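For the numbers below, each heavy atom of this structure counts, side chains included, while hydrogens, waters and symmetry mates do not. Computed from a prediction, not measured in an experiment: that's the story for all the values here.
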Amino acid sequence: MRNILYLFLLLIVLSVTSCYDNNDEIGASLDYTEVEIHSDSSLRFTAESDSLYSTLVNYAVNRAQYHMLGDIKIPKFGEVKSDYLTELRYIAAFDTNLVKTGMLDSMAITIKFLVNQTTGDDRAPMQVAAYQLNKTLSSQKTDTVYTNVNPADFCDFKIKLGEKVYTSTPSNVTADTVTVIVPISRDGLTSKEWAEDFFKLYKSFKEYPTDEQLTSYLPGLYITNNYGGGAIVRVYTTTVDIYHRSYVYNVHGEVAEVNGVKKEIKKTTPIFVSTNEVESVNHMSVDWAEEVTQLANNSNPILTTPLGYNVRITLPVNDIIKKFKETTTQPGVMGLLNSVTLNIPVYFTEDNAYEITPPPYLLLMRVGGNIYVDNKTKPVTPNIFFYDRMLPDKTNFFIAKYSSATRSYDFGNIQSYITNIIKNNPNNGEEDEYRTDSQMILVPVGVSTDTEGEITTVYPYLQAPKFAQIDSKNIDIRFIYSTIEY
């Protein structure tokens, strides 16, 4: 009988919530002698609430989706500096029937970035320098490599591969990318001699070599600016290339000749590339302006990127569970928690010169403690989330996109978070009024999606300076539950 009533209650609740968008009107057409719909929005934060505050995070785990390069000072925001360390993936492919040793010209690092993803003055001259890593980033525990990594632990600054002056202005007005080519040399070899040395190694392999076989030859790169500033660029491609001449085949698959002379063309062959499959990390620092630190120190909940301030928020988990149980555990009463919705508004001052807007996405999760997943408890922190490449599951982790129309982050229905706690109690919450389950953190993140819009990757947002202050007193959190007497 009890199961039948529960199913009846669930069916009615589903029909009600699908028919009404306004939660205040839910249940208006029902017979309240049978089913009652309770909507509670009394759980509020205040502007002076100690349930929200900023927490400074000066580093992020090494999950670089993009590489950032440059140095920029933004009034009332701070100075942001970034360069990057990256391992390399071997991709060389020469046709040794067409390319001969005497046809090799030089070796260079090619760095490409998008024009519309530069922050700052795209005309500011800067100089990029490249150094060779003397060991791979993964030669130590990867979970200890963060954005505050010391490059000196991985490379010798006395051995510079090359440098080049550049700006982030495209070569022509129609171009959407900027390409910086840095000629490189090492070990007393000229750029041409290094290219010839690699080609000799390439020909020595009887089978296509693995990345591990090439690691000792070039473990990786440290790319940094050693002159100038005024802009930060978002690098999307870093390759090591060989410039050379090459014969070509004719339609018969033979080396083409013109008047008895073999035809030659100029070619660029990439031999190493930085990809998401290899370890890399943005080496970043931010010197925050006094205006930002004062906001945080005065208990204003602010969000900043890259790095900087996340927001700790105490959700009223105990109050929600207590109110729900007070009603639904009475004799002869059954209850169902229908929804717990959370909307977080922000306010900010737009800076059109630097496009300082709120972070594009926020991750909501526990600060620490345990989660219950796959029929067991598991410890979790934000760093564990990123390092293990976890995804929002709508039970323990939630993602909200910033809406410029409402100036808010709408997390929607987080009801499954509460019901999971009631059912599985991963942190023994009844002993301390669900303190661990209430302590949440808001982290600025970026996401990647598949063709159907499903999130496939979540990473710390490091791509550009962003800022927002949470409008504490207007945070909207409400819960709806249904009861039936039997």
Side-chain angles (χ1 to χ4, degrees), residues 50-68 72 74 77-85 141-150 232 280-315 344 346 348 356-369 379-390 392 396-400 402 409 436 438-447 457-470 472:
D50 59 1
S51 295
L52 287 108
Y53 60 93
S54 300
T55 178
L56 183 61
V57 180
N58 283 321
Y59 57 87
V61 72
N62 62 323
R63 286 292 177 256
Q65 191 73 6
Y66 300 95
H67 294 138
M68 308 304 297
I72 185 172
I74 301 175
F77 183 84
E79 181 176 9
V80 182
K81 295 181 179 180
S82 183
D83 45 41
Y84 60 97
L85 298 85
K141 293 182 179 179
T142 53
D143 60 353
T144 63
V145 182
Y146 298 94
T147 52
N148 61 350
V149 61
N150 183 1
I232 286 187
S280 68
V281 61
N282 283 307
H283 168 238
M284 309 187 82
S285 65
V286 184
D287 183 12
W288 297 106
E290 184 178 356
E291 290 86 345
V292 174
T293 56
Q294 280 186 351
L295 280 172
N297 293 339
N298 291 335
S299 301
N300 295 290
I302 61 172
L303 298 158
T304 63
T305 71
L307 310 177
Y309 293 94
N310 298 335
V311 168
R312 294 275 293 267
I313 177 171
T314 304
L315 290 185
I344 298 180
V346 299
F348 66 100
I356 305 296
T357 56
Y361 295 90
L362 289 184
L363 166 68
L364 173 69
M365 62 174 290
R366 289 177 177 86
V367 173
V380 70
T381 64
N383 281 336
I384 291 175
F385 177 90
F386 292 120
Y387 180 69
D388 288 348
R389 302 184 189 275
M390 302 174 81
N396 298 292
F397 313 108
F398 301 85
I399 294 287
Y402 176 70
Y409 297 88
T436 301
S438 301
Q439 301 299 314
M440 309 288 280
I441 191 167
L442 296 167
V443 184
V445 295
V447 304
T457 310
V458 180
Y459 49 89
Y461 188 84
L462 306 175
Q463 292 95 299
K466 299 289 182 182
F467 173 88
Q469 180 176 341
I470 289 181
S472 304

Decide yes or no on side-chain contact (heavy atoms from CB on, under 4.5 Å) for Met390 and Val458, but give the supporting numbers first. CA-CA 7 Å; Met390 302 174 81; Val458 180; over 6 Å; no
Which is it for Asn396 and Val380 under the side-chain contact (heavy atoms from CB on, under 4.5 Å) test, yes or no, and what are the steps along the way? CA-CA 10 Å; Asn396 298 292; Val380 70; over 6 Å; no
Side-chain donor/acceptor of [X] to backbone N/O of [Y], under 3.5 Å:
{"X": "Asn282", "Y": "Met68", "answer": "yes"}
{"X": "Thr305", "Y": "Ala464", "answer": "yes"}
{"X": "Thr55", "Y": "Asn310", "answer": "no"}
{"X": "Thr304", "Y": "Leu307", "answer": "yes"}
{"X": "Ser54", "Y": "Asn300", "answer": "yes"}

Nearest heavy-atom neighbours spanning [X] and [Y]:
{"X": "Tyr309", "Y": "Ala296", "result": "CE2-CB, 3.4 Å"}
{"X": "Val57", "Y": "Tyr59", "result": "CG1-O, 3.0 Å"}
{"X": "Val445", "Y": "Tyr461", "result": "C-CB, 3.6 Å"}
{"X": "Ile441", "Y": "Arg366", "result": "CG2-O, 4.1 Å"}
{"X": "Pro306", "Y": "Pro465", "result": "CD-CA, 3.9 Å"}

Leu364 vs Ile313, side-chain contact (heavy atoms from CB on, under 4.5 Å): CA-CA, chis, key distance, verdict: CA-CA 9 Å; Leu364 173 69; Ile313 177 171; 4.3 Å; yes
Stepwise side-chain contact (heavy atoms from CB on, under 4.5 Å) test for Gln439 and Thr314: CA-CA 5 Å; Gln439 301 299 314; Thr314 304; 3.5 Å; yes
Ring centroid separation for Phe77 and Phe467, is it under 6.0 angstrom?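 Ring-ring flag for Phe77/Phe467: false, centres at least 6.0 Å apart.
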Rounded to the nearest 0.5 Å, how far apart are [atom1] of [X] and [atom2] of [Y]?
{"X": "Trp288", "Y": "Asn58", "atom1": "CH2", "atom2": "CG", "value": "9.0 Å"}
{"X": "Lys81", "Y": "Ile72", "atom1": "NZ", "atom2": "CD1", "value": "13.0 Å"}
{"X": "Thr381", "Y": "Phe386", "atom1": "OG1", "atom2": "CZ", "value": "10.0 Å"}
{"X": "Leu303", "Y": "Ile344", "atom1": "CG", "atom2": "CD1", "value": "8.5 Å"}
{"X": "Leu462", "Y": "Thr147", "atom1": "CG", "atom2": "OG1", "value": "6.5 Å"}
{"X": "Tyr146", "Y": "Asn383", "atom1": "OH", "atom2": "CG", "value": "4.5 Å"}

Between Thr357 and Lys466: side-chain donor-acceptor atoms closer than 3.5 Å: yes
Between Ser280 and Tyr84, is there a side-chain heavy-atom distance shorter than 4.5 Å? no
